[in-house]
Amino acid sequence: METGTIPVDELSGGLDLYRTLESGQSYCWRRSDVEMYGGSPAPNAWYHTVVSAPEDAAVSDAVIRVRVRNGVLEWESTVDADSIVRRLLRLDDDLEAIVAAAPDDPLLDEAYAAHRGMRLVEDPAFPCLISFICSAQMRVSRIHTMVSTLAHEYGTPIEFDGDTYHAFPTPAQLATATEAELRDLGLGYRAPYVVRTAEMVADGEAHPEEARTLEYEDARDYLTQFVGVGDKVADCVLLFSLGFDEAVPLDTWIKSAIEDYYPDCDCGSYAATSRAIRDRLGGDYAGYAQTYIFHHLRTGE
DNA sequence: GCCCAGGAAATAT
DNA sequence: ATATTTCATGGG
């Protein structure tokens, strides 16, 4: 086993693992000591994930687990995971500067103040895409369950420190699933969306990573070609996986925030409202602001 | 029982 | 183009 430590006070803006990994951005990490999510913060809890190796590389998948204890981020892995952890948790983001540069806005100030240390994640693209296809009309805790179920049923198992973990299934692995199987696993009407999108990626018809090369709104349009992906899910993938910090997913919570706090930003269509609220929340880092407001309103904290 | 959840696709106007 | 309807499912 390889291990490492990163002092939290070396990170601009700190790190709150609970708020980063259980705020509904990422479904690629699991808290190790629970079956069900939705509980209260768990100090010192381990979180684990499996990062998939490129199919054409001669290396295997890697298990990574992290926790914060006594002001230090500790990681344990099958590989040297320092740079991977920094990338997945965006530890090199200058969070202090992002907060400082945010527009002076009562709701946003409140949200940033209430959730210090929450960082955005950078999930791998395919798992992120499938996660948010599953997210339609679902609670955060159930999305975690659905993603874990997919990993357990279709992902590659990997041993680490006496336990068995499962990677999120590759497109080819998930494309072997049938709609009926996924319905039996509780995915409901999202089942055919997941199968068809997995087939599209497995067949080389399209790949979410392609969106990285495009301008923001073109990237959003590109992602909506996947079955089960509309503007909102596309924005989630752009923000939580593909490096588009300006993306502002217009979900139920941010829509109610627009109604209550930014009524002039309601421009009717998704695209026009998106431009207006993106501009209001600070442009280039509007997605950071959106994630804080989302979590602030959803948790009532 | 009733309502809702990080919506999208199909259909109607 | 925009407005309505349908679609599953567990938890409160």
Side-chain angles (χ1 to χ4, degrees), chain A residues 19-29 34-40 111 115 118 120-121 123 127-150 177-200 206 208 220-242 244 247-260 266-274 277-278 281 286-301:
Chain A
R19 288 192 167 103
T20 300
L21 297 180
E22 298 195 43
S23 55
Q25 326 171 34
S26 175
Y27 301 93
C28 295
W29 294 81
V34 293
E35 287 303 315
M36 285 299 294
Y37 277 79
S40 47
H115 305 290
M118 183 171 80
L120 260 64
V121 297
D123 278 348
C128 183
L129 179 66
I130 299 297
S131 296
F132 281 96
I133 288 173
C134 290
S135 77
Q137 296 293 102
M138 277 290 149
R139 280 181 191 140
V140 168
S141 61
R142 283 200 63 204
I143 304 167
H144 279 285
T145 303
M146 294 163 82
V147 172
S148 296
T149 299
L150 291 178
T178 65
E179 175 182 339
E181 287 173 358
L182 297 189
R183 283 181 183 273
D184 285 344
L185 293 175
L187 269 70
Y189 61 80
R190 304 153 200 81
Y193 302 164
V194 168
V195 174
R196 291 175 62 190
T197 289
E199 288 171 346
M200 288 175 71
R220 193 175 63 200
D221 288 342
Y222 177 86
L223 291 180
T224 62
Q225 75 182 288
F226 294 105
V227 183
V229 178
D231 289 328
K232 184 269 169 185
V233 167
D235 269 330
C236 287
V237 177
L238 294 176
L239 180 60
F240 302 133
S241 177
L242 299 178
F244 289 83
V248 177
L250 301 184
D251 59 83
T252 53
W253 289 100
I254 201 68
K255 283 179 181 172
S256 83
I258 290 172
E259 188 177 341
D260 295 342
D266 183 357
C267 304
S269 74
Y270 188 100
T273 302
S274 170
I277 192 67
R278 191 162 71 247
L281 294 180
Y288 242 105
Q290 189 273 2
T291 300
Y292 271 79
I293 290 173
F294 168 83
H295 188 245
H296 183 53
L297 294 178
R298 188 181 71 88
T299 62
E301 293 172 8

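Numbers restart at 1 for each chain; the letters A, B, ... are given by sequence-line order, proteins then strands. Keep in mind that the numbers below use all heavy atoms, side chains included, and drop hydrogens, waters and symmetry copies.
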Which whole-number value in Å describes the distance from [X] [atom1] to [N] [atom2]?
X	N	atom1	atom2	value
A:Asp235	B:dG7	CG	P	13 Å
A:Met146	C:dA8	CE	P	12 Å
A:Asp266	C:dA3	CG	C1'	15 Å

Distances for protein N/O vs nucleotides 3-5 of chain B N/O pairs under 3.5 angstrom?
from	atom 1	to	atom 2	distance (Å)
B:dC4	O2	A:Arg139	NH2	2.8
B:dA5	O3'	A:Met138	O	2.9
B:dA5	O3'	A:Arg139	N	3.4
B:dA5	N7	A:Gln137	NE2	3.3
B:dA5	N3	A:Gln137	O	3.2

Check the interface with nucleotides 8-10 of chain B: list each N/O to N/O pair with the protein under 3.5 Å, or write none.
from	atom 1	to	atom 2	distance (Å)
B:dA8	OP1	A:Gly230	N	2.9
B:dA8	OP1	A:Gly230	O	3.4
B:dA8	OP1	A:Val233	N	2.9
B:dA9	OP1	A:Gly228	N	2.8

- For A:Thr252, check side chain to side chain contact (heavy atoms under 4.5 Å, CB included) against everything at least two apart and list the hits. none
- Please name all residues satisfying side chain to side chain contact (heavy atoms under 4.5 Å, CB included) with A:Asp184, sequence neighbours left out, ordered by chain then number. none
- Query: Do A:Ile293 and A:Ile254 come close enough that some side-chain heavy atom pair is under 4.5 Å?
  - Reply: yes
- Task: Find out whether A:Leu223 and A:Leu242 are in side-chain contact, i.e. whether some heavy atom of one side chain is under 4.5 Å from a heavy atom of the other.
- Result: yes
- Donor-acceptor contact present, side-chain A:Thr273 to main-chain A:Asp266, <3.5 Å: no
- Item | salt bridge (charged side-chain N to carboxylate O under 4.0 Å, His left out) against A:Arg19, all qualifying residues, sequence neighbours excluded | A:Asp16, A:Glu301
- Non-neighbouring partners of A:Asp235 that pass salt bridge (charged side-chain N to carboxylate O under 4.0 Å, His left out), sequence neighbours left out: A:Arg220
- Task: Please work out which of the three classes, parallel, tilted or perpendicular, describes the rings of A:Tyr292 and A:His115, given edges at 30° and 60°.
- Result: tilted
- Could you work out the separation of B:dT11 and C:dA8 based on their P atoms and round it to a whole Å? 14 Å
- Message: Please classify the nucleic acid contact of A:Arg183 as base, sugar-phosphate, or nothing, using heavy-atom distances under 4.0 Å.
- Response: sugar-phosphate
